[in-house]
Amino acid sequence: MLVILVVLGAAVLHATWNAMAHGAPDRVAGLALFELAAGVIGLVAVLVMGLPPAGTWWYIIASALLHLAYLGGLLASYQLGQFSQMYPLARGTSPWVVAVVSIVVLHQTLAVLELAGVLLVSAGLIALVFIGRPGRGQVPALFAAIGTGLMIASYTVVDGVAVHKMPVATYMGWVFMLQGFAVPLAVLFWRGRQAFNLPRPAILSGLAGGVVSMAAYGLVLWAQTRGTLAAIAALRETSIIFGAIIGAIFFHERFGPKRAAAAAVVVAGIVLITTG
């Protein structure tokens, strides 16, 4: 029960920091501040925990690179599309892609519940995309969200293996330190010092968002050491529902019963895939 509550709490935090990133007046600078805060916390963890075990560096490097790609896709998604549409699509793509690849590439047979889950996720994603009647101008946003989902699937697998090979704090510290300092340095190189000439509230919000982001990630990593990767991943994707609600309340994006039903279908499909 504790693990379930922890993951649901992480889902709320995850949807919250994504909403903060979407709502930032300058999303590029805001994301850089998010990562700067996470990088500093990661550095403290590294200084306390020390080096990771031998033979585990590739997990850390792979996860950091995948997270950087994920952040790039996330930023593109939020720059191009609506939060309540892009967030569910990005989060819902990950388990769906894993299921499809297992059938087409690995030639694995899915259980009845898993197959039903694939169909539900497919239907829910199609509904989420077309309920808002996206035009041609939104096609890049849809591709960015799907690409983000692919990165989520990739780093989820890497993380799930890594946390069983080293302490969570060690792994988390190194990953966040590497990616956390890389993003603000890249933004500084790209846009110069003026990129961070933001009002004090925006700076504080950005740094706070980084703390929330790291808390959400840390809770999920801890849960992965106590439960199965598939079940934890399914519970984490309940953030889809929280994200849709946040988009409606804070960004005044159209929600309505149709979009609520579509988001619920996606979550139900994810649960079936991972428990079938």
Side-chain angles (χ1 to χ4, degrees), residues 3-5 7-12 14-15 18 70 73-74 77 81-134 138-139 141-157 160 216 220 223-224 227-248 253-276:
V3 172
I4 292 174
L5 292 175
V7 178
L8 289 176
V12 174
H14 195 281
N18 272 263
Y70 153 72
L74 196 68
S77 300
Q82 289 188 348
F83 175 75
S84 59
Q85 189 175 47
M86 296 301 104
Y87 184 75
L89 183 57
R91 301 306 308 182
T93 296
S94 173
W96 173 75
V97 168
V98 171
V100 171
V101 169
S102 68
I103 298 173
V104 178
V105 179
L106 303 178
H107 305 292
Q108 296 178 349
T109 302
L110 289 181
V112 174
L113 286 179
E114 290 175 320
L115 181 58
V118 171
L119 295 176
L120 279 176
V121 170
S122 300
L125 288 176
I126 291 172
L128 280 168
V129 171
F130 289 101
I131 282 174
R133 295 182 181 179
Q138 284 189 282
V139 172
L142 301 181
F143 276 108
I146 292 172
T148 303
L150 294 176
M151 295 303 102
I152 294 170
S154 300
Y155 75 65
T156 296
V157 173
V220 169
Q224 287 177 345
T228 61
L229 178 61
I232 300 304
L235 285 172
R236 182 178 62 183
E237 303 312 341
T238 56
S239 60
I240 292 171
I241 300 297
F242 300 124
I245 294 172
I246 289 172
E253 296 177 356
R254 188 175 179 180
F255 188 67
K258 291 182 179 180
R259 182 165 284 180
V265 167
V266 172
V267 173
I270 292 168
V271 172
L272 287 179
I273 291 172
T274 56
T275 59

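- Residues Thr148 and Gly73 come closest through the heavy atom pair OG1-C, 3.0 Å.
- In this structure, Ala144 and Ser77 approach most closely via the heavy-atom pair C-OG, 3.3 Å.
- For the side chain to side chain contact (heavy atoms under 4.5 Å, CB included) test, residues two or more places apart in sequence or in another chain that qualify with Ile146 are Leu89, Thr93.
- Partners of Tyr155 under the ring-ring contact (aromatic ring centres under 6.0 Å, His included) rule, at least two apart in sequence or in another chain, are His67, Tyr70.
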Check: residues 260-272 side-chain donor-acceptor pairs under 3.5 Å, at least two apart:
none

